[in-house]
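Here the structure is laid out as structure tokens; the discussion comes afterwards.
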2 protein chains.
Amino acid sequence: MRQDGRLARMIHVLVHMGLLGGRETSERIAQMLNTNPVVVRRTMASLRQYGIVKSEGGRGGGWSLTRPLTEITILDVQRALQGETILDAPLSNDHPSCPVERAANAKLQRAFQSAEQTLEREFQKVTLAEIGEIAMASAKAGKTG
Amino acid sequence: MRQDGRLARMIHVLVHMGLLGGRETSERIAQMLNTNPVVVRRTMASLRQYGIVKSEGGRGGGWSLTRPLTEITILDVQRALQGETILDAPLSNDHPSCPVERAANAKLQRAFQSAEQTLEREFQKVTLAEIGEIAMASAKAGKTG
DNA sequence: ATAGACTGTAACACTATTTGTTACGCTATA
DNA sequence: TATAGCGTAACAAATAGTGTTACAGTCTAT
């Protein structure tokens with residue numbers, strides 16, 4: 001079941017930015033993510049629109065957080081990247097007037113809504129600051145690999 | 001967030017098969033799904049492997065259920081189509097030794113596991129017989145569209 | 001002012017996945 | 001033995017995500 005890897009990648013970057021504290025260019029972020037600056041700008045633009053980061057052009061410009069990691073949850077990042085919907089029930093649309101198809105779709109939709117609520121709750125529980133702390137602790141313990 | 005539409009389509013077909021009670025050819029099933037017989041065989045093969053349907057070749061052959069709709073849940077169909085995993089956490093793999101990436105992935109994985117458990121529970125609660133009943137009721141009530 | 005270091009964005013190529021299609025072999029039955 | 005069915009490989013088409021190039025706009029140091 002293929003999904004969008006941007007959430008994990010952006011969390012990764014934001015935590016680094018929070019720990020470093022300063023401003024990062026698209027170029028440097030691209031290196032963190034093994035990708036290139038345009039992809040970074042494209043994705044960071046969603047975060048900016050949602051108010052998580054800001055960008056400044058011109059010499060000395062780059063990206064920075066608008067608030068500390070303690071005030072950013074995984075859910076915030078998710079919302080910024082994909083809007084309200086986290087999980088989308090994969091419904092069928094072969095015979096929209098068929099009562100069987102409708103009944104099946106309705107049941108699936110309810111199930112996915114429950115799962116989405118769970119995911120939402122879990123996402124909201126985790127701040128990026130927590131992730132940073134876990135990373136620092138494990139790095140200190142020498143689990144760097 | 002795009003996902004696999006086979007689950008909904010197969011539920012649709014299985015309920016029809018259960019309500020009709022007999023045997024269906026790949027050709028007829030393909031018509032129900034607005035697709036073609038090869039795609040049907042490909043997908044039905046997974047259900048057969050899991051023991052939900054059986055196929056018979058030769059003249060008069062086709063597909064039939066191995067047990068009544070009351071004994072098939074959405075989870076059964078899901079398992080047949082995709083195995084154990086329902087939701088896959090979309091993790092990042094840019095710097096596998098980076099403790100920040102690891103910590104972020106770990107948190108995401110836990111969140112998705114919770115959601116997967118919810119989905120599993122919901123899927124197991126619903127039998128195809130229920131879906132058939134809902135469909136029959138709504139058809140009787142004239143909500144056929 | 002102007003050069004340089006940035007972001008913003010359009011356009012296009014590449015890749016992987018799903019779905020659809022054609023073709024042909026095998027099997028059971030009338 | 002002709003026919004109606006499944007089994008499967010091989011290939012085409014559509015879609016989505018990602019990567020890349022190119023160029024315009026913007027800010028700052030000098």
Side-chain angles (χ1 to χ4, degrees), chain A residues 1-10 12-13 17 22-50 52-66 78 81-83 85 87-88 90-94, chain B residues 1-10 12-13 17 22-50 52-66 78 81-83 85 87-95:
Chain A
M1 192 162 277
R2 194 69 195 75
Q3 296 201 43
D4 187 349
R6 287 179 303 167
L7 179 59
R9 299 179 101 189
M10 287 303 110
H12 180 187
V13 161
M17 287 173 65
R23 192 168 291 175
E24 297 287 346
T25 66
S26 302
E27 180 63 40
R28 277 175 54 84
I29 295 174
Q31 284 166 8
M32 290 186 205
L33 297 180
N34 274 331
T35 181
N36 79 45
V38 176
V39 176
V40 170
R41 286 183 201 123
R42 207 184 271 159
T43 310
M44 294 291 279
S46 304
L47 302 185
R48 182 186 50 217
Q49 197 172 2
Y50 202 80
I52 295 176
V53 299
K54 64 187 176 204
S55 65
E56 279 155 308
R59 192 188 195 110
W63 300 87
S64 50
L65 298 176
T66 59
Q78 168 68 33
L81 291 174
Q82 300 202 340
T85 301
L87 286 180
D88 221 1
L91 305 181
S92 69
N93 193 31
D94 301 310
Chain B
M1 190 161 281
R2 195 70 197 74
Q3 297 201 39
D4 186 351
R6 287 180 305 166
L7 179 59
R9 300 179 100 188
M10 287 301 109
H12 180 188
V13 161
M17 286 173 65
R23 191 167 293 175
E24 297 287 347
T25 66
S26 301
E27 180 63 40
R28 275 174 56 85
I29 295 174
Q31 284 166 8
M32 290 185 204
L33 298 179
N34 275 330
T35 181
N36 79 42
V38 176
V39 176
V40 170
R41 288 185 198 120
R42 206 183 273 161
T43 310
M44 293 291 277
S46 305
L47 302 185
R48 182 186 50 215
Q49 197 173 2
Y50 201 81
I52 295 177
V53 299
K54 63 188 175 203
S55 65
E56 280 156 307
R59 192 185 195 111
W63 300 87
S64 50
L65 298 176
T66 59
Q78 168 69 35
L81 291 174
Q82 300 202 340
T85 302
L87 286 181
D88 222 1
L91 305 181
S92 69
N93 194 31
D94 300 312
H95 287 290

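Every chain is numbered from 1, with letters handed out A, B, ... down the list of sequences. Below, all heavy atoms of this structure are taken into account, side chains as well, without hydrogens, waters or symmetry copies.
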So, taking the atom named NZ in B/K54 and the one named OG in B/S64, what distance separates them when rounded to the nearest 0.5 Å?
4.5 Å
Closest to side chain of A/N36, choosing from C/dG20, C/dG8, D/dG19:
D/dG19
Between atom CE in A/M44 and atom P in C/dC6, what is the gap in whole Å?
15 Å
Taking only side-chain N and O atoms of B/S55, does any of them lie within less than 4.0 angstrom of OP1 or OP2 on D/dG5?
no
Nearest listed nucleotide, side chain of A/R48, among D/dC6, C/dG8, C/dG20:
C/dG8
Measure from CD on B/E56 to P on C/dT27 and round the result to the nearest Å.
15 Å
By nearest nucleotide on DNA chain C, pick out whichever of A/G60 and A/R42 is the more 5' one.
A/G60
Rounded to whole Å, how long is the line connecting atom CD1 of A/I29 with atom C1' of C/dC6?
12 Å
Separation of B/Q49 atom CD from D/dC6 atom P, in whole Å?
18 Å
Which one, D/dT3, D/dT8, C/dG20, comes nearest to the side chain of B/V38?
D/dT8
Classify the nucleic acid contact of A/R9 as base, sugar-phosphate or nothing, counting any heavy atom under 4.0 Å across all strands shown.
sugar-phosphate
Gap between atom CG of B/L91 and atom CG of A/L7 - 0.5 Å precision
9.5 Å
A/N34 side chain to B/D94 backbone, donor-acceptor under 3.5 Å:
yes
Using whole Å, what does the distance between atom P of nucleotide D/dG7 and atom NZ of B/K54 come to?
14 Å
Closest listed nucleotide, where the reference is the side chain of B/R59 and the choices are D/dG19, D/dG7, C/dA30
C/dA30
Atom-to-atom span, CD of A/E24 to C1' of C/dC6 - whole angstrom
14 Å
What integer distance in Å separates A/R6:CZ from D/dG19:P?
12 Å
Looking only at side-chain atoms of A/T35, point me to the closest of C/dT19, D/dG19, C/dC6.
D/dG19
Return the 5'-most residue of the pair A/V39, B/E27 with respect to DNA chain D, ranking by each residue's nearest nucleotide.
B/E27
Interatomic distance where CG belongs to B/N34 and P belongs to C/dT21 [whole Å]
11 Å
Identified side chain to side chain contact (heavy atoms under 4.5 Å, CB included) partner of A/M44 from the options A/I29, A/I52, A/V39:
A/I29
More than 12 heavy atoms of other residues, nucleotides or ligands under 6.0 Å from CZ of B/R23: yes or no?
yes
